[in-house]
Undergrad: 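Just dropping this structure here.
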Protein chains: 2
Amino acid sequence: MKPPKSLPPADTRLSILDASEYLFANEGYRGTTLRAITKRAGVNLAAVNYHFGSKETLLEEVIKRRIEPLNMERRRRIQEVQDLASKKGKKPVVKSVLQAFITPTLEFRDSEPGARDFITFIGRAFADPDDSVRKVFVRFMHPIFELMHRTMCLALPDYPADLVFWRLQFCMGSLFTPCISAAIFTWIHQMSQTWMQHPLMLLLFLM
Amino acid sequence: MKPPKSLPPADTRLSILDASEYLFANEGYRGTTLRAITKRAGVNLAAVNYHFGSKETLLEEVIKRRIEPLNMERRRRIQEVQDLASKKGKKPVVKSVLQAFITPTLEFRDSEPGARDFITFIGRAFADPDDSVRKVFVRFMHPIFELMHRTMCLALPDYPADLVFWRLQFCMGSLFTPCISAAIFTWIHQMSQTWMQHPLMLLLFLM
DNA sequence: CATTATTTCAAACATCTGTTTTAATCATCT
DNA sequence: AGATGATTAAAACAGATGTTTGAAATAATG
């Protein structure tokens with residue numbers, strides 16, 4: 001009897017991405033060593049540099065994999081809200097614009113294992129003093145954030161643009177900040193309300 | 001003519017604390033090396049281990065120096081609000097309880113150079129994945145947070161305690177989270193309002 | 001002043017980190 | 001099957017980091 005065929009070689013690249021996502025979220029970028037990643041992924045230490053070139057490129061790939069489809073969906077929905085409104089010759093509705101951004105986030109969060117880790121990671125990245133982490137996030141988020149800002153300014157033509165900017169900043173920040181984002185989700189379940197009833201979301205733009 | 005007396009030996013311990021505070025806030029605990037600290041403080045590398053024993057003890061001292069007097073003042077004011085209310089046989093007023101906690105924070109923030117760094121550091125510590133950082137903060141904040149919780153429950157006897165807990169969590173978190181806390185302070189200046197007008201503070205407990 | 005204790009200093013140490021190297025292994029194609 | 005290219009493996013490397021050491025300098029004490 002032949003020895004059993006060796007296990008189908010699990011996609012090394014993918015296990016590295018998954019392991020990194022988990023560890024980056026729970027230990028931070030700096031706090032995660034390549035050795036911890038490769039051990040968790042069950043691959044050789046050199047695999048990271050072979051497949052990604054460097055730790056920093058790995059970070060970029062970890063982020064890109066999740067954020068690109070997420071932002072694509074966000075962009076689609078925001079555009080939809082904007083188009084629908086302009087077709088009727090009206091302003092976009094604040095609540096719909098917010099919804100267009102946030103709903104995909106919440107759906108994504110529950111869509112697959114690892115997504116929750118990623119959201120945690122994003123939250124920490126906002127407060128991360130390490131440039132190499134924050135800058136990558138900002139680079140990926142800047143375009144969609146600008147779109148949000150423009151659309152929100154359309155929705156609130158009487159508000160000065162920089163005020164809208166700050167409210168948006170606040171709103172986005174609180175959505176991802178770990179302790180707060182956790183509170184939001186707890187709230188949703190506890191109150192059996194939609195996130196839209198959340199005072200922060202409601203009031204940041206509606207008062 | 002004698003050579004000028006060498007500069008009065010700047011208190012090594014103190015310059016290390018100041019340098020650490022600045023660097024921890026701007027580069028993070030993990031991102032700050034002992035060599036960077038001692039260079040900024042203008043002291044020898046070995047001075048940290050001589051005066052503090054280890055990097056972790058240094059972290060503890062950096063935090064303790066600021067947070068102990070701050071929490072003392074908070075405790076005093078919260079107690080005051082509570083005592084004044086019970087003397088009149090009334091419930092404490094939500095707004096006053098919040099104020100008792102937050103006003104010292106704002107006053108402290110502008111009280112001396114380095115204080116702002118410390119607030120930044122606190123904000124990042126809340127999201128820090130590094131246990132050694134988060135745990136120290138939690139240890140120092142737990143008692144005062146419990147007092148806040150108890151007092152707030154007195155002020156809102158009809159609210160379930162865990163709901164009050166979450167709102168408090170949310171409120172405290174957003175006060176220190178860097179991106180949000182920055183927005184709050186900008187807001188204050190921009191609107192020429194007191195922080196109490198901030199929708200977050202107002203509404204977390206009043207709606 | 002002499003002695004003792006405290007503080008500073010430069011150098012070294014052990015460990016850990018990201019990365020590179022070189023050889024072995026595996027898969028694919030002719 | 002044999003040649004070729006891609007992937008994996010173990011080991012080593014260079015640099016950085018927290019810590020320790022032992023001697024020098026300074027301050028305090030008798």
Side-chain angles (χ1 to χ4, degrees), chain A residues 2-63 128-133 135-136, chain B residues 2-63 128-133 135-136:
Chain A
K2 271 181 170 175
K5 195 92 165 279
S6 69
L7 293 178
D11 192 334
T12 310
R13 242 187 94 90
L14 216 63
S15 7
I16 291 178
L17 283 176
D18 289 338
S20 305
E21 183 170 65
Y22 175 85
L23 289 168
F24 286 168
N26 292 294
E27 314 284 340
Y29 174 70
R30 285 240 170 114
T32 301
T33 108
L34 290 188
R35 283 164 180 83
I37 293 175
T38 50
K39 186 179 176 187
R40 187 182 168 87
V43 303
N44 188 272
L45 170 61
V48 170
N49 289 282
Y50 176 78
H51 284 280
F52 296 93
S54 71
K55 192 187 175 186
E56 193 148 350
T57 316
L58 169 62
L59 169 68
E60 188 144 339
E61 295 288 322
V62 167
I63 295 172
D128 203 312
D130 190 339
D131 276 351
S132 59
V133 177
K135 276 185 178 169
V136 178
Chain B
K2 271 179 168 178
K5 195 88 164 280
S6 69
L7 294 178
D11 192 332
T12 310
R13 240 187 96 90
L14 216 62
S15 7
I16 292 178
L17 283 176
D18 288 337
S20 305
E21 182 170 65
Y22 175 84
L23 289 169
F24 285 168
N26 292 293
E27 313 284 339
Y29 174 69
R30 285 240 169 112
T32 301
T33 101
L34 290 187
R35 283 164 179 82
I37 292 174
T38 51
K39 186 179 176 187
R40 186 181 170 88
V43 304
N44 188 271
L45 169 61
V48 169
N49 288 284
Y50 176 77
H51 284 280
F52 296 93
S54 71
K55 193 187 176 187
E56 192 147 351
T57 317
L58 169 61
L59 168 69
E60 187 143 341
E61 295 288 322
V62 167
I63 296 171
D128 203 312
D130 191 339
D131 275 352
S132 60
V133 177
K135 276 186 179 169
V136 178

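Here is the naming used below: chain letters follow the sequence lines, and residue numbers restart at 1 for every chain.
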Undergrad: Can you run down the ring pair (Phe, Tyr, Trp, His ring centres under 6.0 Å) pairs that involve residues 41-63 of chain A, sequence neighbours left out, and say none if there aren't any?
TA: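 Sorted result for residues 41-63 of chain A: empty, none.
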Undergrad: Within this structure, what is the CG-to-C1' distance between B/Asp11 and C/dT7, rounded to whole angstrom?
TA: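 Spelled out: CG on B/Asp11 to C1' on C/dT7 is 12 Å.
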Undergrad: Expressed in angstrom and rounded to an integer, what is the separation of B/Ile37 atom CD1 from D/dA16 atom C1'?
TA: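 Checked: the CD1 to C1' distance equals 15 Å.
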Undergrad: For A/Leu45, enumerate each residue passing the side chain to side chain contact (heavy atoms under 4.5 Å, CB included) test, keeping only those at least two apart in sequence or located in another chain.
TA: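 Partners of A/Leu45 under the side chain to side chain contact (heavy atoms under 4.5 Å, CB included) test: A/Leu34, A/Arg35, A/Thr38.
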Undergrad: Checking A/Ala41 now: which residues fulfil side chain to side chain contact (heavy atoms under 4.5 Å, CB included) with it, not counting sequence neighbours?
TA: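 Side chain to side chain contact (heavy atoms under 4.5 Å, CB included) check on A/Ala41 returns A/Ser15, A/Ile16, A/Ala19, A/Val43.
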Undergrad: Residues two or more places apart in sequence or in another chain: which of them pass side chain to side chain contact (heavy atoms under 4.5 Å, CB included) with A/Glu56?
TA: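 Counting only residues at least two positions away or on another chain, A/Glu56 forms a side chain to side chain contact (heavy atoms under 4.5 Å, CB included) with A/Tyr29, A/Ser54, A/Ser132.
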Undergrad: At 10 degrees resolution, what angle do the end axes of the helix from C/dC1-D/dG30 to C/dT30-D/dA1 form when each is taken over five base pairs?
TA: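 End-to-end axis angle for the helix from C/dC1-D/dG30 to C/dT30-D/dA1: 10°, rounded to 10°.
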Undergrad: Test of understanding: with salt bridge (Lys or Arg N to Asp or Glu O under 4.0 Å), list the residues that count as partners of A/Glu21, not counting sequence neighbours.
TA: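 If we apply the salt bridge (Lys or Arg N to Asp or Glu O under 4.0 Å) test to A/Glu21, skipping adjacent residues, the hits are A/Arg65, A/Arg66.
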Undergrad: Holding to side chain to side chain contact (heavy atoms under 4.5 Å, CB included), I want the full list of residues that pass it with B/Ala36, two or more places apart in sequence or in another chain.
TA: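 Testing B/Ala36 for side chain to side chain contact (heavy atoms under 4.5 Å, CB included), a comparison that skips the adjacent residues, returns B/Leu23, B/Thr33.
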Undergrad: What is the distance, rounded to the nearest whole Å, between atom CD of B/Glu56 and atom P of D/dG18?
TA: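 Interatomic distance, CD of B/Glu56 to P of D/dG18: 12 Å.
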Undergrad: Nearest to the side chain of A/Arg35 - C/dT17, D/dG18, C/dT8?
TA: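 Nucleotide nearest to A/Arg35's side chain: C/dT17.
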Undergrad: For DNA chain C, find the residues of residues 18-29 of chain B with a heavy-atom distance under 4.0 Å and give them by number; none if there aren't any.
TA: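 When residues 18-29 of chain B is checked for heavy atoms under 4.0 Å from DNA chain C, there are no hits whatsoever.
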Undergrad: Which nucleotide wins on minimum distance to the side chain of B/Leu34, given the candidates D/dT19, C/dA10, C/dT17?
TA: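 Closest of the options to the side chain of B/Leu34: D/dT19.
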Undergrad: Please enumerate all residues that pass side chain to side chain donor-acceptor pair (under 3.5 Å) together with B/Asp131, with sequence neighbours excluded.
TA: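 Testing B/Asp131 for side chain to side chain donor-acceptor pair (under 3.5 Å), a comparison that skips the adjacent residues, returns B/Arg134.
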Undergrad: What does nucleotides 20-25 of chain C look like as a protein-contact string, B for base, S for sugar-phosphate only, - for none, at under 4.0 angstrom between heavy atoms?
TA: BB----
Undergrad: Atom CG of A/Asn44 and atom C1' of D/dA9: how far apart are they, to the nearest Å?
TA: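 Rounding to the nearest Å, CG of A/Asn44 and C1' of D/dA9 are 5 Å apart.
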Undergrad: Rounded to the Å, how far apart are B/His51 NE2 and D/dG18 P?
TA: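 My rounded result for the distance is 18 Å.
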Undergrad: Given D/dT7, is OP1 or OP2 found less than 4.0 Å from the side-chain N or O atoms of A/Thr12?
TA: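 Indeed not, no polar side-chain atom of A/Thr12 lies that close.
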